[in-house]
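These values consider heavy atoms only, across backbone and side chains, with no hydrogens, waters or symmetry-generated copies.
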Amino acid sequence: MLVSSDPSLPSPWLAAMVTALVVLLAWRWLAPDPPQQQGPMPCLPHLPLLGSLPWLRAHLPPHLLFTQLSRRYGPLYSFYLGPHYTVVINSLPHVKEVLLAERKGLRRPPLHVFDSS
């Protein structure tokens, strides 16, 4: 084990504690607020800034991965794509209900990906 004899260098414990404090404060300030839900919806685990991306790594195409996740979490589940809360609808009756609700005037928040301006 290498021990520093220079008293001007901070101890490794102090550096580790300061790093842990900075990570905890950043997590508290940067973590998204949980969305308001009317009923219980299962959500994949998530980390600050990364969201649920570590749990979405698989050697499967996305449509097979989401089908596999629906077997575990049910036809309606959610996860975080980075800081963005995302809901997956994986059953035909629920998809029809969402599309009919949109036709009646209930809208999803706009996606900037599809924004042409």
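For the pair L76/I89, a side-chain contact is recorded, criterion being any heavy-atom separation below 4.5 Å from C-beta on.
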Let me check something: any side-chain donor-acceptor pairs from residues 48-59 under 3.5 Å, sequence neighbours excluded? List them with distances.
residue : atom : partner : partner atom : Å
S52     : OG   : P45     : O            : 2.9
S52     : OG   : Y80     : N            : 3.1

Please report, to 0.1 Å, the donor-acceptor pairs under 3.5 Å made by any side chain of residues 61-69, with sequence neighbours excluded.
residue : atom : partner : partner atom : Å
T67     : OG1  : H63     : O            : 2.8

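Across C43 and Y73, no two heavy atoms sit closer than the pair O-CE2, 4.4 Å.
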